[in-house]
Amino acid sequence: MNLKDKNVVLHDMSLRDGMHAKRHQISLEQMVNIATGLDEAGMPLIEVTHGDGLGGASVNYGFPAHSDEAYLNAVVPKMKQAKISALLLPGIGTVDHLKMARDCGVSTIRVATHCTEADVSQQHIGMAAKMEMDTVGFLMMAHMASPEKILEQAKLMAGYGANCIYCTDSAGYMLPDEVSEKIGLLRSELPANVEIGFHGHHNMGMAVANSLAAIDAGASRIDGSVAGLGAGAGNTPLEVLCAVLERMGAHTGIDLYKIMDVAEDRVVPLMDQPIRVDRDALTLGYAGVYSSFLLFAKRAEQKYGIQARDILVELGRRGTVGGQEDMIEDLALTLAKQKGLA
Amino acid sequence: MIKKLKAAIIGPGNIGTDLLMKMQRSEWIEPVWMVGIDPDSEGLKRAREMGIKTCSEGVDGLLPHVIADDIRVAFDATSAYVHAENSRKLNELGVIMVDLTPAAIGPFCVPPVNLKQHAERLEMNVNMVTCGGQATIPMVAAVSRVQGVEYGEIIATVSSRSVGPGTRQNIDEFTRTTAGAVEQVGGAKKGKAIIIINPAEPPLIMRDTVHCLTSGEPDQAAITASVHAMVAEVQKYVPGYRLVNGPVFDGNRVSMFMEVEGLGDFLPKYAGNLDIMTAAGLRTAEMFAEEAANGTITLPARG
């Protein structure tokens with residue numbers, strides 16, 4: 001694979017996807033500490049919100065330590081060069097949240113839908129584009145649809161005004177060939193002025209390899225997370241990807257030692273548990289289940305005595321999609337009843 | 001003795017047709033007119049085949065027949081954009097309007113919670129909230145009638161096939177309207193609504209989760225009894241309304257996990273979200289008819 005002299009924009013997820021791994025309890029001080037470290041290391045884009053995006057504060061997904069507005073107001077003014085992005089899932093957040101984020105100084109809005117339901121994003125993508133924000137369409141759980149379907153949905157989002165489309169491996173299920181095929185089709189069929197992005201999870205240990213395949217197939221924006229702090233077995237670990245890309249002669253504009261130090265000195269110490277491919281995270285990738293279900297399934301195992309792995313496999317079999325965290329307790333209750341445990 | 005109220009349905013789409021099929025079994029409401037805007041539409045054709053009068057000039061085509069045919073109630077299954085005008089024109093002629101659009105110019109109506117009050121007050125326009133609201137607000141109310149609810153949250157998961165273009169283009173309207181009704185009708189101090197669209201095949205049956213955070217420790221026995229009683233009330237008009245799990249108590253959190261299977265009249269059984277709207281709309285009109293027959297209310301006078 002030859003990625004020499006390719007320019008890649010890296011986008012850090014530790015303060016958004018990483019919120020899942022922290023049960024949305026990252027403090028304002030920790031957030032500012034990590035964000036300023038990333039800013040100094042040359043990270044161009046940093047995402048900051050509740051793990052489930054703007055408006056995600058809920059019983060279903062967890063109440064955060066602070067509001068989206070408080071996090072954004074703490075981080076944005078401290079940035080010297082990095083831009084801040086915010087995620088929005090239609091059905092959870094609304095255009096009101098989007099306007100709030102813009103007023104806080106967010107410059108990139110990423111509107112996320114399940115990979116077959118892009119038409120719920122029209123009002124949000126349209127509004128962000130109208131406000132001349134960097135507007136991204138984010139197709140989640142992209143392993144669940146064919147390349148042609150992903151392309152059809154990507155065209156909808158581009159038509160609403162998105163200037164960048166993501167193929168998102170929310171379950172960490174994809175292998176490099178699938179990434180190459182999907183990103184390749186998007187790159188060849190979407191207009192050249194629409195950027196392509198890839199968001200990986202490390203549940204099968206493939207996040208770095210998948211990101212390289214994505215760049216090779218035409219993606220110019222790659223999501224990852226410093227120290228991998230993210231849902232499931234984490235996101236593509238950015239310090240690792242930076243080192244690999246440097247060896248391959250690609251350009252990220254990031255200081256490798258500095259990002260290594262942010263990972264080791266600022267992010268790892270605040271982890272509640274090691275972010276690794278444990279059996280439950282591996283099950284997410286193997287069964288194709290949304291990565292943020294991990295800690296919910298582990299908690300259901302504790303409470304109802306049903307193995308997290310069994311819950312996750314069944315959720316995969318039922319075709320659950322992102323945001324259906326409520327089905328975890330529901331299913332655990334049903335399985336516990338069947339086993340005579342509840 | 002003639003007791004049935006005569007009705008018109010505006011909007012011959014999936015909702016309007018399903019409503020018509022349910023109405024044909026009603027003891028209180030008699031469908032007379034189906035109103036559309038395209039004479040060749042499938043919906044108007046179906047209505048004609050079912051022996052219903054049709055017009056394709058919108059509500060204006062219906063107006064000259066309202067008095068002659070003694071139309072007393074109309075169901076609007078069109079869109080929020082045209083509802084206000086439809087309602088004004090028909091209200092002027094003394095027709096009660098049941099609003100199935102998201103327009104919400106009249107008060108929210110969730111039958112087992114507040115329909116009786118609306119009927120007794122002869123509200124001339126009532127709004128049926130949203131499908132997620134119809135499926136979940138009875139549960140919030142079941143808790144709040146026992147104990148204060150500081151916060152009520154509902155998560156509605158619906159099959160992709162059951163979500164039409166109108167809802168998709170304005171999904172924020174669903175979350176805002178439902179959250180507002182969780183407060184105003186459900187009795188929660190603060191409401192939150194989430195909608196998830198799932199494309200699995202075969203399509204999943206509508207699922208709803210309701211979380212309430214009570215003020216103080218929840219009275220488990222009283223809340224459990226209240227929830228079961230409320231489920232039975234909803235089952236009177238939506239037999240496929242089921243409590244799958246719960247109420248589950250965890251600190252001051254009370255959670256109910258629901259499933260809503262439709263009757264499968266015109267809409268498939270998995271589309272419980274659409275069925276509960278048509279069933280609730282019809283139930284609403286029936287209550288007005290019952291109150292009128294009992295003499296509790298007097299319908300607008302006609303010469």
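Atom set for the values below is all heavy atoms of this structure, side chains included, hydrogens, waters and symmetry mates excluded.
Heavy-atom contacts from other residues, nucleotides or ligands closer than 6.0 Å to CD1 of B:I105 number more than 12. Atom OH of A:Y286 is surrounded by 12 or fewer heavy atoms from other residues, nucleotides or ligands within 6.0 Å. Crowding of B:K269 atom NZ: a count of heavy atoms from other residues, nucleotides or ligands under 6.0 Å not exceeding 12. Annotation for A:R23: atom CZ does not count as buried by contact number, only 12 or fewer foreign heavy atoms lying within 6.0 Å. The environment of A:R299 atom CZ is dense: over 12 non-hydrogen atoms of other residues, nucleotides or ligands sit within 6.0 angstrom.
In terms of heavy-atom pairs under 4.5 Å with chain B, the best-connected choice from A:E325, A:Q123, A:Q122 is A:Q123. Among A:L89, A:V321, A:T113, the residue making the largest number of heavy-atom pairs under 4.5 Å with chain B is A:V321. Looking only at heavy-atom pairs under 4.5 Å with chain A, the residue among B:P199, B:G246, B:P165 that has the most is B:P199. For the set A:T320, A:T334, A:I92, the count of heavy-atom pairs under 4.5 angstrom toward chain B peaks at A:T334. Taking A:S58, A:G323, A:G319 one by one and counting their heavy-atom pairs under 4.5 Å with chain B, the maximum is reached by A:S58.
Side-chain atoms of B:K192 never come within 3.5 Å of backbone atoms of A:V59 as a donor-acceptor pair (strictly under, hydrogens ignored).
Neither the backbone nor the side chain of A:A145 comes within less than 4.5 Å of any heavy atom of chain B. Interface residue B:I196: only side-chain heavy atoms are found under 4.5 Å from chain A. For chain A, no part of B:A156 is nearby; none of its heavy atoms comes within less than 4.5 Å. Contacts of B:Q169 with chain A are made by both backbone and side-chain atoms, with heavy-atom separations under 4.5 Å. Heavy atoms closer than 4.5 Å to chain B are found in the side chain of A:M327, but not in its backbone. Using a 4.5 Å cut-off between heavy atoms, A:T116 contacts chain B through its side chain alone, with no backbone atom that close. With a threshold of 4.5 angstrom between heavy atoms, B:V163 does not approach chain A through any atom at all. Contact annotation for B:T209: both backbone and side-chain heavy atoms come within less than 4.5 Å of a heavy atom of chain A.
A distance of 5.5 Å separates CD of B:E153 from CG of A:N60, quoted to the nearest 0.5 Å.
B:E259 is not listed as a side-chain neighbour of A:D330, based on a closest heavy-atom distance of 4.5 Å or more. By the 4.5 Å heavy-atom criterion applied to side chains, A:H124 and B:I171 are counted as neighbours. Residues A:H114 and B:I197 are not in side-chain contact: their nearest non-hydrogen atoms beyond the backbone lie 4.5 Å or more apart. A 4.5 Å side-chain heavy-atom check between B:R207 and A:Q324 finds every atom pair outside the cut-off.
Electrostatic pairing of A:R318 and B:E201 does not count as a salt bridge here, judged by no charged N lying under 4.0 Å from a carboxylate O.
Annotation for B:V244 and A:K337: closest pair O-NZ, 3.0 Å, computed over non-hydrogen atoms. The shortest heavy-atom contact between A:D326 and B:F257 is O-CE2, 3.5 Å.
Counting only N and O atoms by type, the side chains of A:E329 and B:S255 include no donor and acceptor under 3.5 Å apart.
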